[in-house]
Amino acid sequence: MNDTLVYQLLADAVLALHLGIVLFVIGGLLVVIAGNLRDWRWVNAAWFRLAHLGAIGVVVVESWLGVVCPLTSLEMWLRAKAGASVYAGSFIEHWIGRVLYYDAPAWVFTVVYTMFAALVAGTWWYYPPRFKRGTDKTSL
């Protein structure tokens with residue numbers, strides 16, 4: 001396997017990971033709300049809620065500071081090492097790239113991320129996470 005193909009496959013893997021994180025952030029909020037409406041106790045587990053809050057928190061802080069997502073930077077670097085133009089390569093790259101990347105001013109993303117984070121924070125108040133107390137294993 002040549003280096004170009006290895007870098008291209010790694011770039012595609014980073015893009016797929018990036019999409020997975022995006023789906024976790026968006027889907028996580030939907031799961032918390034739906035799970036509470038359906039009385040799924042696991043959606044309020046501290047590990048899940050903290051991971052979800054942490055993920056959107058990183059996105060918001062990056063956007064406020066004007067920092068490019070490290071996954072985007074890594075993907076671009078891998079594509080450059082592969083000699084590929086940005087988002088003109090593989091099937092995975094083409095379709096996942098269209099889902100993740102939009103052409104809008106940076107402030108639009110900052111506002112949307114901040115509003116989404118406010119919704120996530122609101123679920124912490126409305127549907128509080130369950131932190132483990134004593135030997136109660138159902139709150140894990």
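A quick note: this is a predicted structure, and the numbers were derived from the prediction, not measured.
V6 and L17 end up in the same hydrophobic cluster when Ile, Leu, Val, Met, Phe, Trp and Tyr side chains are linked at under 4.5 Å. At a threshold of 4.5 Å between side-chain heavy atoms, the hydrophobic network of Ile, Leu, Val, Met, Phe, Trp and Tyr places L71 and V68 in two separate groups. Two different hydrophobic clusters hold M115 and V120 under the rule that ILVMFWY side chains link at heavy-atom gaps under 4.5 Å. Connection of I21 to L10 is established within a shared hydrophobic cluster, with ILVMFWY side chains joined at heavy-atom distances below 4.5 Å, either directly or through further cluster members. Both F109 and F116 are part of a single hydrophobic cluster, where members link through side-chain heavy atoms under 4.5 Å apart.
Side-chain contact check for W42 versus V31: some heavy-atom pair is nearer than 4.5 Å. You'll find the side chain of Y127 reaches within 4.5 Å of the side chain of L37, heavy atoms only. Put simply, the side chain of F48 reaches to within 4.5 Å of the side chain of V32, judged on heavy atoms.
Taking CD1 from I33 and CZ from R38, the interatomic distance works out to 13.5 Å, rounded to the nearest 0.5 Å. With rounding to the nearest 0.5 Å, the separation of CH2 in W107 from OG1 in T114 is 12.0 Å. The line from CZ of R79 to CD of Q8 is 5.0 Å long, rounded to the nearest 0.5 Å. Rounded to the nearest 0.5 Å, atoms CG (N44) and CG (D39) are 9.5 Å apart.
Scanning both residues, A11 and E75, for their nearest heavy atoms gives O-CG, 3.8 Å. Shown here for E62 and P70, the closest heavy-atom pair between the two residues is OE2-CD, 3.1 Å. Scanning all heavy atoms of the two residues, the minimum distance from H52 to V25 falls at NE2-O, 2.7 Å.
Using bins of under 30°, 30° to 60° and over 60° for the plane-to-plane angle, the ring pair W124/F131 lands in the tilted bin.
Each of L5, D3, L9, T4 was evaluated against Y7; a single residue qualifies, D3, per the side-chain contact (heavy atoms from CB on, under 4.5 Å) test.
With hydrogens and angles ignored, the 3.5 Å screen pairs a side-chain donor or acceptor of R49 with a backbone N or O of T123.
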side-chain contact (heavy atoms from CB on, under 4.5 Å) between I56 and V60: does it pass, once the steps are laid out?
-> CA-CA 6 Å; I56 188 60; V60 170; 4.2 Å; yes
